Amino acid sequence: MTYSLSEVFTNGNPYLESLGVEVVEYGDGKAVMALKLLPEFMNSWHVAQGGISMTLMDVAMGLAARTAIPDAKSSATVDMSTSFLQPAGKAGETIVARGKVYHRSTTMCFCEAELWNGDKLVAKSMATFKAIKRVDIAKKLAHETSETPAAQAASQQDLT
């Protein structure tokens with residue numbers, strides 16, 4: 001069974017939609033994502049660009065993290081490390097990222113992911129995620145970046 005991105009991400013996710021990412025499974029600190037490799041995802045060697053692999057693993061771990069912390073509405077990557085074992089694949093092939101939480105606190109999740117092309121393990125990743133419990137954080141961030149430096153300073157003083 002696959003889930004639509006609008007079912008999984010409260011505010012949608014235009015980036016993942018443009019790539020064609022599919023959510024195959026998620027819940028209980030685990031998530032599985034799939035992506036059919038398109039010609040535009042290839043590098044100069046005609047294999048999948050590493051950023052595509054990292055994106056898929058990042059999202060699988062982030063979604064796994066979100067399901068592991070009660071009341072989490074989203075998650076943000078704090079740190080990520082990836083090892084590429086072999087090329088992820090060529091155009092037309094499908095890669096699958098399997099993310100899982102191996103430790104969590106009340107606000108942080110420590111995750112790992114494997115990236116597979118068929119029966120070939122092509123990459124591994126570890127990451128730390130911060131749970132986000134407010135879905136309006138995007139509005140707050142957009143407001144902060146549009147403020148002048150003086151308004152930002154005044155806003156910070158109001159918090160102290």
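Computed from a prediction, not measured in an experiment: that's the story for all the values here. When reading the values below, keep in mind they use all heavy atoms of this one structure, side chains included, and skip hydrogens, waters and symmetry mates.
Rounded to the nearest 0.5 angstrom, Ser83 OG and Met126 CE are separated by 10.0 Å. Gln86 contributes atom CD, which lies 5.0 Å from atom NZ of Lys120 (distance to the nearest 0.5 angstrom). Taking OG1 of Thr77 as the reference point, atom CG of Asp58 lies at 3.5 Å (rounded to 0.5 Å). Taking CD of Glu25 as the start and OG1 of Thr2 as the end, the distance is 12.0 Å to the nearest 0.5 Å. The line from CZ of Arg66 to CD1 of Ile132 is 10.5 Å long, rounded to the nearest 0.5 Å. One finds the OH atom of Tyr102 at 10.5 Å from the SG atom of Cys109 (value rounded to the nearest 0.5 Å).
Using a 4.5 Å heavy-atom threshold, the side chains of Thr107 and Phe129 count as separate. Residues Met54 and Met80 are in side-chain contact: their nearest non-hydrogen atoms beyond the backbone lie under 4.5 Å apart. At least one side-chain heavy atom of Leu19 sits under 4.5 Å from a side-chain heavy atom of Ile52. Side-chain contact check for Leu16 versus Thr55: some heavy-atom pair is nearer than 4.5 Å.
Side-chain contact, Asn117 with Glu93: a donor N or O sits under 3.5 Å from an acceptor N or O.
Considering every non-hydrogen atom in both Pro70 and Arg104, the closest pair reads CD-NH1, 4.2 Å. Contact record, Met61 with Ala113: CG-CB, 3.5 Å, taken as the closest heavy-atom pair. Contact detail for Ala131 and Ala72: the closest heavy-atom pair is CB-CB, 4.1 Å. Of all the heavy atoms in Val122 and Pro87, the pair that sits closest is CG1-O, 3.5 Å. When every heavy atom of Ile95 is checked against every heavy atom of Ala88, the shortest pair comes out as CG2-O, 3.5 Å. Looking at every heavy atom in both residues, Gly92 comes nearest to Lys36 through O-CE, 3.8 Å.
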CA sep, side-chain torsions, deciding dist, call: Phe9, Val59, side chain to side chain contact (heavy atoms under 4.5 Å, CB included): CA-CA 11 Å; Phe9 297 98; Val59 175; 4.0 Å; yes
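Heavy-atom neighbours of Asp28 CG from other residues, nucleotides or ligands within 6.0 Å: at or below the threshold of 12.
Sorted by first and then second residue, the pairs that involve residues 23-49 and meet ring pair (Phe, Tyr, Trp, His ring centres under 6.0 Å), not counting sequence neighbours, are Tyr3-Tyr26.
Follow the hydrophobic side-chain contacts under 4.5 Å out from Met57 and you never reach Val101; the two are in separate clusters. Criterion: ILVMFWY side-chain heavy atoms under 4.5 Å apart, direct or through other members. Under it, Phe84 and Leu37 are part of a common hydrophobic cluster. Note: the hydrophobic cluster containing Leu121 does not contain Leu115 (ILVMFWY, side chain heavy atoms under 4.5 Å, direct or indirect links). Taken together through direct or relayed side-chain contacts under 4.5 Å among Ile, Leu, Val, Met, Phe, Trp and Tyr, Leu38 and Leu56 form part of one hydrophobic cluster.
Here the side chain of Ser75 pairs a donor or acceptor atom with the backbone of Gly62 at under 3.5 angstrom.
Residue Met33 is tested with Val96, Leu63, Val24 for a side-chain contact (heavy atoms from CB on, under 4.5 Å); the sole match is Leu63.
Salt bridge annotation for Glu114-Lys124: present, with a cationic side-chain nitrogen under 4.0 angstrom from a carboxylate oxygen. Remark: Lys100 engages Glu112 in a salt bridge, criterion side-chain N to carboxylate O under 4.0 Å.
Qualifying side chain to side chain contact (heavy atoms under 4.5 Å, CB included) partners for Met108, counting only residues two or more places apart in sequence or in other chains: Val78, Ser105, Phe110, Thr128, Lys130.
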